[in-house]
Amino acid sequence: TIDNGFGSGEAASLGRSILLFAVMSLVLVAGSFTRSLLISWIGERVSADLRIRAFEHLIFLDADFFETRSSGDIQSRLTADIAILQTIIGSSLSIAVRSIILCAGSLVLMLYTNPKLTLMVFLAIPLIVLPVIVVGRRVRSLSRSNQEKLSDVGSYINEIIFNIKAIKADLHERQDIARFNQRVEGSFAIASRRVFVRSVLIGLVMATTLLSVTGMFWIGGQDVLAQTITSGELIAFIFYAFMMTFSVAAVSEVYSDIQRAAGAIDRLMELMTVRPRILPPSVASVLPSVCTNILRFDQVSHTYPSRPEQRVLSQLSFHVANGEYLALVGPSGAGKSTVFEMIMRFYDPESGAIEFCGTDLRRLSHAQLRGQTALVSQRLLLFNTSIRENISYARPDATTHEILEAAEMTHVTEFSDRLPQGLDTVVGEGGVLLSRGQCQRIAIARAILKKPRLLLLDEATSSLDTESERIIRNALSGLIAQTTTLVIAHRFSTIQEADRILLLDRGQLVAEGSHQSLSQQSPLYNRLVKVQFRPDQVPDKTARQQLLN
């Protein structure tokens with residue numbers, strides 16, 4: 001354009017040069033549109049696939065994994081960390097692709113235009129690349145620290161939301177605001193250092209590149225004065241050099257973003273490389289349709305991974321006959337809830353064996369075991385969806401008639417009929433929009449709908465008043481008559497009808513029998529009856545202290 005267009009003095013030659021420039025500009029626009037569209041779509045697709053894969057991996061991990069990880073940290077890895085990768089792939093990668101192509105094209109055209117000046121560029125490349133590598137590592141380290149601080153902030157928010165009523169009751173708002181500010185400021189301090197180091201990196205690359213361009217100006221100007229190259233060739237070369245300069249600067253900025261993403265990838269890979277230890281067998285055994293003893297513990301010992309120094313079960317042995325109604329009692333920390341967790345195979349015993357219908361649990365698939373077992377916990381395990389979907393959670397294929405029948409048996413319809421949407425009313429997160437007693441009825445209705453072979457009731461009526469407990473007990477009586485039931489209870493009314501009572505203490509079976517026999521044989525059982533099972537009596541101080549000891 002300069003030499004043959006302006007230099008020739010011919011309008012036609014100038015027009016051809018400008019037309020070629022316009023065509024190339026349109027090609028550039030089309031290429032930029034295609035690049036932006038495709039790579040941004042790839043970023044969205046990759047982040048969606050990563051979240052799906054990470055969630056699929058997470059949901060099959062063992063229960064002990066969630067004991068040692070905060071929910072906020074896990075959420076941060078699946079949301080914030082993957083969001084960083086989405087930004088890098090969908091935005092920064094697009095810039096990197098464009099910049100690498102422009103840089104490579106510029107170098108080719110520079111070599112074609114003036115090899116001698118291009119040699120100067122190659123001499124400057126090590127000075128550009130070295131700070132990118134050195135400073136980039138520091139950016140990666142700071143990025144990981146920043147993500148960990150952010151996950152700590154997320155964990156604290158989750159804790160505050162979960163305990164909001166306790167915070168308000170104790171007027172703790174100001175203190176929690178101060179603690180939250182400390183966490184946010186800690187994250188900000190690390191982010192500030194990362195931003196500073198990243199800016200230093202970009203500045204070093206720009207300074208080195210522009211200094212090399214300045215040198216090219218000087219040498220190229222001398223060549224123009226000596227008439228070894230034309231002014232058009234020099235301007236074209238400088239144009240290519242500037243394209244390369246800004247491309248390299250963009251790549252260096254993207255590199256610092258990639259180092260930031262590497263910190264997020266490290267945290268995500270930590271999650272993805274965790275492998276579950278509770279695995280179904282490669283070839284599962286077939287359960288018999290009829291068995292005499294539906295459950296058997298044989299010298300079972302267990303400690304939780306998060307508390308390896310504390311043994312919760314020690315050489316525990318007992319059996320449960322088919323159709324039997326068995327009650328587990330004992331002081332707090334005796335291992336009653338752990339027995340239920342072992343039955344559901346949330347954990348495997350350190351030693352000993354647990355059999356379901358004569359088959360070791362480790363030889364059964366999860367579907368075989370948990371499909372025939374229903375657990376009603378004292379913790380309210382409801383989801384932020386409708387009452388109907390909460391009841392049918394274990395049996396999504398249940399008919400409307402079956403769901404309604406279970407709701408009527410547990411008297412869920414007594415309160416659901418008064419709600420605007422009836423059974424389609426959303427219960428809120430954890431059932432927050434309902435009372436604890438109403439939530440417990442829904443949980444028991446879910447168990448009834450499942451029609452399990454083995455029913456586990458972990459203080460299932462603990463949140464109910466006397467009248468509600470009577471209603472639920474009547475509802476459960478039909479189910480208990482048709483299945484095998486293990487119940488953990490602190491109410492005398494819950495255990496007095498049990499076929500057999502197991503008394504646990506510090507993870508060991510210390511006595512078993514009926515209420516009458518245990519009352520005559522076990523001082524510990526008598527103290528439990530006096531302190532725990534009779535809420536209408538006020539226990540004396542001596543009995544309470546003996547129980548605690």
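Since the structure is predicted, the reported quantities are computational estimates derived from the model, not experimental observations.
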Whether R53 and D49 form a salt bridge (side-chain N of Lys/Arg under 4.0 Å from carboxylate O of Asp/Glu) is what I want to check.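 The answer is no: the pair does not qualify as a salt bridge.
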Counting N and O atoms only, with roles assigned by atom type, does the side chain of R418 sit under 3.5 Å from a partner on the main chain of E414, one being a donor and the other an acceptor? yes
Ignoring hydrogens and angles, tell me if any N or O in the side chain of T485 forms a donor-acceptor pair with the backbone of L455 under 3.5 Å. no
Verdict with supporting geometry, I42 and I89, side chain to side chain contact (heavy atoms under 4.5 Å, CB included): CA-CA 7 Å; I42 289 171; I89 296 172; 4.0 Å; yes
Tell me, do [X] and [Y] make a side-chain contact under 4.5 Å, heavy atoms counted?
X    : Y    : answer
L287 : L369 : no
I488 : L457 : no
R395 : E402 : yes
V487 : L326 : no
V529 : V329 : no
F340 : T338 : no
V312 : Y304 : yes
Q86  : R51  : yes

More than 12 heavy atoms of other residues, nucleotides or ligands under 6.0 Å from CD of E429: yes or no? no
Taking everything shown except F66 itself, do over 12 heavy atoms lie less than 6.0 Å from its CZ? yes
Partners passing salt bridge (Lys or Arg N to Asp or Glu O under 4.0 Å) against E355 (at least two apart in sequence or in another chain): R296
What's the shortest heavy-atom distance between [X] and [Y], and which atoms?
X    : Y    : value
G431 : C439 : O-SG, 3.3 Å
L316 : G507 : CB-O, 4.2 Å
R370 : K450 : O-NZ, 2.7 Å
G323 : T484 : N-OG1, 2.7 Å
G513 : L518 : O-CD1, 3.9 Å
L423 : A407 : CD2-CB, 4.3 Å

Working for side chain to side chain contact (heavy atoms under 4.5 Å, CB included), residues L58 and F65: CA-CA 9 Å; L58 177 74; F65 172 83; 3.7 Å; yes
Indicate the ring-plane relationship of Y393 and F383, choosing parallel, tilted or perpendicular according to the 30° and 60° boundaries.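 Y393 and F383: parallel rings.
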Looking only at side-chain N and O atoms, does S337 offer a donor or acceptor that is under 3.5 Å from a partner on D458? yes
Under a 3.5 Å cutoff, is there a donor and acceptor pairing between the side chains of T413 and S416? no
Approximate separation, where rounding is to 0.5 Å, of Q438 CD and L433 CG: 10.5 Å
Roughly how far, to the nearest 0.5 Å, is the OG1 atom of T34 from the CG atom of L38? 6.5 Å
Stepwise, does the ring pair (Phe, Tyr, Trp, His ring centres under 6.0 Å) test hold for F297 with H319? CA-CA 6 Å; F297 273 58; H319 72 278; over 10 Å; no
Please test L404 against R388 for side chain to side chain contact (heavy atoms under 4.5 Å, CB included), starting from the C-alpha separation and ending with a verdict. CA-CA 8 Å; L404 186 60; R388 183 189 306 275; over 6 Å; no
Can you give each donor-acceptor pair under 3.5 Å made by side-chain atoms of residues 267-278, sequence neighbours left out, with the distance rounded to 0.1 Å?
{"from": "R267", "atom 1": "NE", "to": "D81", "atom 2": "OD2", "distance (Å)": "2.8"}
{"from": "R267", "atom 1": "NH1", "to": "D73", "atom 2": "OD1", "distance (Å)": "3.4"}
{"from": "R267", "atom 1": "NH2", "to": "S76", "atom 2": "OG", "distance (Å)": "3.3"}
{"from": "R267", "atom 1": "NH2", "to": "D81", "atom 2": "OD2", "distance (Å)": "3.4"}
{"from": "E270", "atom 1": "OE1", "to": "R77", "atom 2": "NH1", "distance (Å)": "3.1"}
{"from": "E270", "atom 1": "OE2", "to": "R144", "atom 2": "NH2", "distance (Å)": "2.5"}
{"from": "T273", "atom 1": "OG1", "to": "M269", "atom 2": "O", "distance (Å)": "2.7"}
{"from": "T273", "atom 1": "OG1", "to": "E270", "atom 2": "O", "distance (Å)": "3.3"}
{"from": "R275", "atom 1": "NH1", "to": "M272", "atom 2": "O", "distance (Å)": "2.8"}
{"from": "R277", "atom 1": "NH2", "to": "D64", "atom 2": "OD2", "distance (Å)": "2.2"}

Where do S519 and N526 land on the side chain to side chain contact (heavy atoms under 4.5 Å, CB included) test, with the steps shown first? CA-CA 6 Å; S519 298; N526 284 323; 3.8 Å; yes
